[in-house]
Amino acid sequence: MKGDVRTQSPSSSIFVYRSRDKSSFTNYLWGLVEEHENREELQQEKIKPYTRKWETSTMDTVTELDLIAKKESPGMKHQCDVQHDVPAVFFSTGGYTGNVYHEFNDGILPLYITSQHLSKKVVFVILDFHKWWLMKYGDIISHLSDYPVIDFSADMRTHCFPEAIVGMRIHNELTVDSSLMDGDKSILDFRNLLDRAYRPRVRSLIREQEANQKKVHEHSLKRPKLVIISRNGSRTITNENLLAKMAEKIGFRVEVLRPESSTELAKIYWALNSSDVMIGVHGAAMAHFLFMRPGSVFIQVIPLGTAWAAEAYYGEPARKLGLEYIGYQILATESSLYGKYGKDDPVVTNPRSVTKKGWEYTKKIYLEDQTVRLHLRRFRKQLVGAYNYTIDRI
């Protein structure tokens, strides 16, 4: 929407007015047919500014906006409480917000795709606003916009903008399609933005560590660092402690990371940005591969029934980021489902026949009711390969 753009929060509306002086206002509205000339309202659209348009149940939770193009009447005097001289981007932090994969895939990455060409000269107007979301992602937001965000529902003032983008563009799973971006920006450019966003806080964390005399011994620093993303409950690696010990014997310096919803994102970034190898079981936390340096190794443990999702959501995007990706498909005997259902049950022998019944079956059986006990001798081959690869890089 370009021109005289104004918000009206009580009615969940955004208006754009056209001047009667055609030479002063150029946008798509001038292409409307002549019969509209005598109408005050020229066009109206409805939009829910969230990216997962194909998921009806999710979109039902997102606030809908009315976008209304109107003709400016003679003598009309607008009330404008806050006049902005930069564009606005309207988006929702509803939907699946609360799940780190969706927070990045459906929110942060689309926000970068949609707004980066504005070079921080943009105001973010947020629907379904969550204060915790802004606290969690504030470091990133401050590198996309020089202006305070606006909570659309709570701020009843009329905000006026010269332009508004309502909704966000999404390319694919956890990635940026450079062919669709100004300046051919890619997922690597997004990764560089994350680095700039978290660098000051990481430096502060390093100083705190040194002040607390938790400095890592020099001989240990020479060892490649391996981070295990630990899970609780479903898809846990039940012999995780033995995995860590095996990795240490191979030659890694091992850190077990247990991210919680309250964990400061900069601390997770620090742990993974300084790592050479990351191991984790398929799940939302694998989105943290975005924090790894290109060339690092990402080993995703793939439980039964999750092969397609593991590749589509994390494997392929990780390779696009330049990571050395290893998908470790577990054997049936490494899954807790083997003991629960038996070796001949289709749940174990033919997961595809179960998952094709629908998402609810996949979720209940393979995501919520499965743990992993790694065959360490088999998995050791992956670790040795990752170790040798890392040593060669170093």
Side-chain angles (χ1 to χ4, degrees), residues 51-52 54-61 94-107 109 172-175 227-240 243 256-263 268 278-290 298-318 325-375 379 382:
T51 51
R52 300 189 79 81
W54 60 91
E55 293 192 5
T56 304
S57 59
T58 303
M59 296 304 296
D60 286 344
T61 69
Y96 280 122
T97 299
N99 174 297
V100 68
Y101 163 79
H102 289 288
E103 286 166 9
F104 273 98
N105 187 70
D106 307 343
L109 266 163
N172 210 328
E173 307 298 336
L174 292 176
T175 196
V227 173
I228 299 172
I229 303 286
S230 183
R231 292 182 61 94
N232 293 318
S234 65
R235 285 164 283 151
T236 302
I237 298 176
T238 57
N239 56 345
E240 182 182 276
L243 169 63
V256 179
L257 189 63
R258 296 181 173 87
E260 305 287 343
S261 58
S262 60
T263 303
I268 302 175
M278 180 181 91
I279 298 173
V281 181
H282 171 70
M286 294 300 94
H288 290 124
F289 78 77
L290 291 167
F298 169 28
I299 304 176
Q300 180 177 203
V301 177
I302 305 173
L304 297 183
T306 66
W308 177 86
E311 170 62 19
Y313 297 152
Y314 305 113
E316 183 179 350
Y325 173 71
I326 299 172
Y328 179 80
Q329 179 71 61
I330 71 168
L331 299 175
T333 50
E334 292 176 276
S335 171
S336 61
L337 300 177
Y338 185 86
K340 181 172 183 177
Y341 289 89
K343 65 178 182 178
D344 297 322
D345 193 283
V347 166
V348 174
T349 62
N350 189 7
R352 187 174 295 182
S353 69
V354 179
T355 58
K356 72 179 184 181
K357 292 181 180 179
W359 169 245
E360 288 305 316
Y361 286 91
T362 302
K363 181 181 178 183
K364 178 174 175 53
I365 296 172
Y366 295 111
L367 299 183
E368 296 179 348
D369 199 28
Q370 181 175 195
T371 60
V372 174
R373 185 170 184 82
L374 294 173
H375 289 178
F379 193 78
Q382 310 298 331

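Quantities reported herein were computed from a predicted structural model and do not represent experimental measurements. All residue numbers refer to positions in the sequence shown, counting from 1.
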Practice task
Sequence neighbours left out, what passes side chain to side chain donor-acceptor pair (under 3.5 Å) with S336? Give chain and number order.
Solution key: T371
Handout entry: Heavy-atom side-chain contact between E311 and Q300 under 4.5 Å
Key = no
Practice task
Starting at CD of Q382, measure out to CD1 of I299 and round the result to the nearest 0.5 Å.
Solution key: 6.5 Å
Practice task
Starting from the C-alpha separation in whole Å, work towards a yes-or-no answer on side chain to side chain contact (heavy atoms under 4.5 Å, CB included) for F289 and Y325.
Solution key: CA-CA 10 Å; F289 78 77; Y325 173 71; over 6 Å; no
Fill in the blank from the handout: To the nearest 0.5 Å, atom CZ of R258 lies from atom CG of N232 at 7.5 Å
Fill in the blank from the handout: salt bridge (charged side-chain N to carboxylate O under 4.0 Å, His left out) filter on D60, not counting sequence neighbours, yields none
Exercise for the section: Determine, step by step, whether H102 and F104 satisfy the side chain to side chain contact (heavy atoms under 4.5 Å, CB included) criterion, reporting the C-alpha distance in whole Å, the side-chain angles of both residues, the deciding distance to 0.1 Å, and the verdict. Expected result: CA-CA 5 Å; H102 289 288; F104 273 98; over 6 Å; no
Practice task
Examine distances only and state if a side-chain atom of T175 and a backbone atom of N172 form a donor-acceptor pair shorter than 3.5 Å.
Solution key: no
Handout entry: Shortest non-hydrogen separation from P351 to V348 and the atoms involved
Key = CD-O, 3.8 Å
Handout entry: Heavy-atom check, side chain of E334 versus side chain of N239, under 4.5 Å
Key = no
Practice task
Walk me through it: do T56 and T58 pass the test side chain to side chain contact (heavy atoms under 4.5 Å, CB included)?
Solution key: CA-CA 5 Å; T56 304; T58 303; over 6 Å; no
Exercise for the section: Work out which heavy atom in S230 is nearest to a heavy atom in V256; give both atom names and the distance. Expected result: CB-CG1, 3.8 Å
Fill in the blank from the handout: The ring pair (Phe, Tyr, Trp, His ring centres under 6.0 Å) partners of Y328 (sequence neighbours excluded) come to F379
Exercise for the section: Kindly state whether the ring of Y96 and the ring of Y101 have centres lying under 6.0 angstrom apart. Expected result: no
Completion exercise
Between the CG atom in L374 and the OG1 atom in T238, the distance rounded to the nearest 0.5 Å is 8.0 Å
Exercise for the section: Indicate the atoms forming the closest heavy-atom contact of P346 with S353, along with that distance. Expected result: CB-OG, 4.0 Å
Result block: side-chain N/O donor-acceptor pairs under 3.5 angstrom for residues 357-366, not counting sequence neighbours:
unit_1	atom_1	unit_2	atom_2	d
T362	OG1	G358	O	3.4
Y366	OH	V347	O	2.7

Exercise for the section: For N105 and L174, work out which heavy atoms get closest and say how close. Expected result: OD1-N, 2.7 Å
Practice task
Could I get the full list of salt bridge (charged side-chain N to carboxylate O under 4.0 Å, His left out) partners for R373, not counting sequence neighbours?
Solution key: none
Handout entry: Parallel, tilted or perpendicular: rings of Y313 and H282 (30°, 60°)
Key = parallel
Handout entry: R235 vs V372 side-chain heavy atoms within contact, under 4.5 Å
Key = no
Completion exercise
Of V281, L243, I229, the one forming a side-chain contact (heavy atoms from CB on, under 4.5 Å) with V301 is V281
Practice task
Identify the two heavy atoms, one from I268 and one from P259, that lie closest to each other, and give their separation to 0.1 Å.
Solution key: CD1-CB, 3.7 Å
Handout entry: Between CD1 on residue I326 and CD1 on residue I279, distance to nearest 0.5 Å
Key = 9.0 Å
Handout entry: salt bridge (charged side-chain N to carboxylate O under 4.0 Å, His left out) partners for E173, two or more places apart
Key = none
Handout entry: Verdict with supporting geometry, I330 and Q370, side chain to side chain contact (heavy atoms under 4.5 Å, CB included)
Key = CA-CA 12 Å; I330 71 168; Q370 181 175 195; 3.9 Å; yes
Completion exercise
All heavy atoms of I302 vs all of Q329, minimum pair found to be O-NE2, 3.3 Å
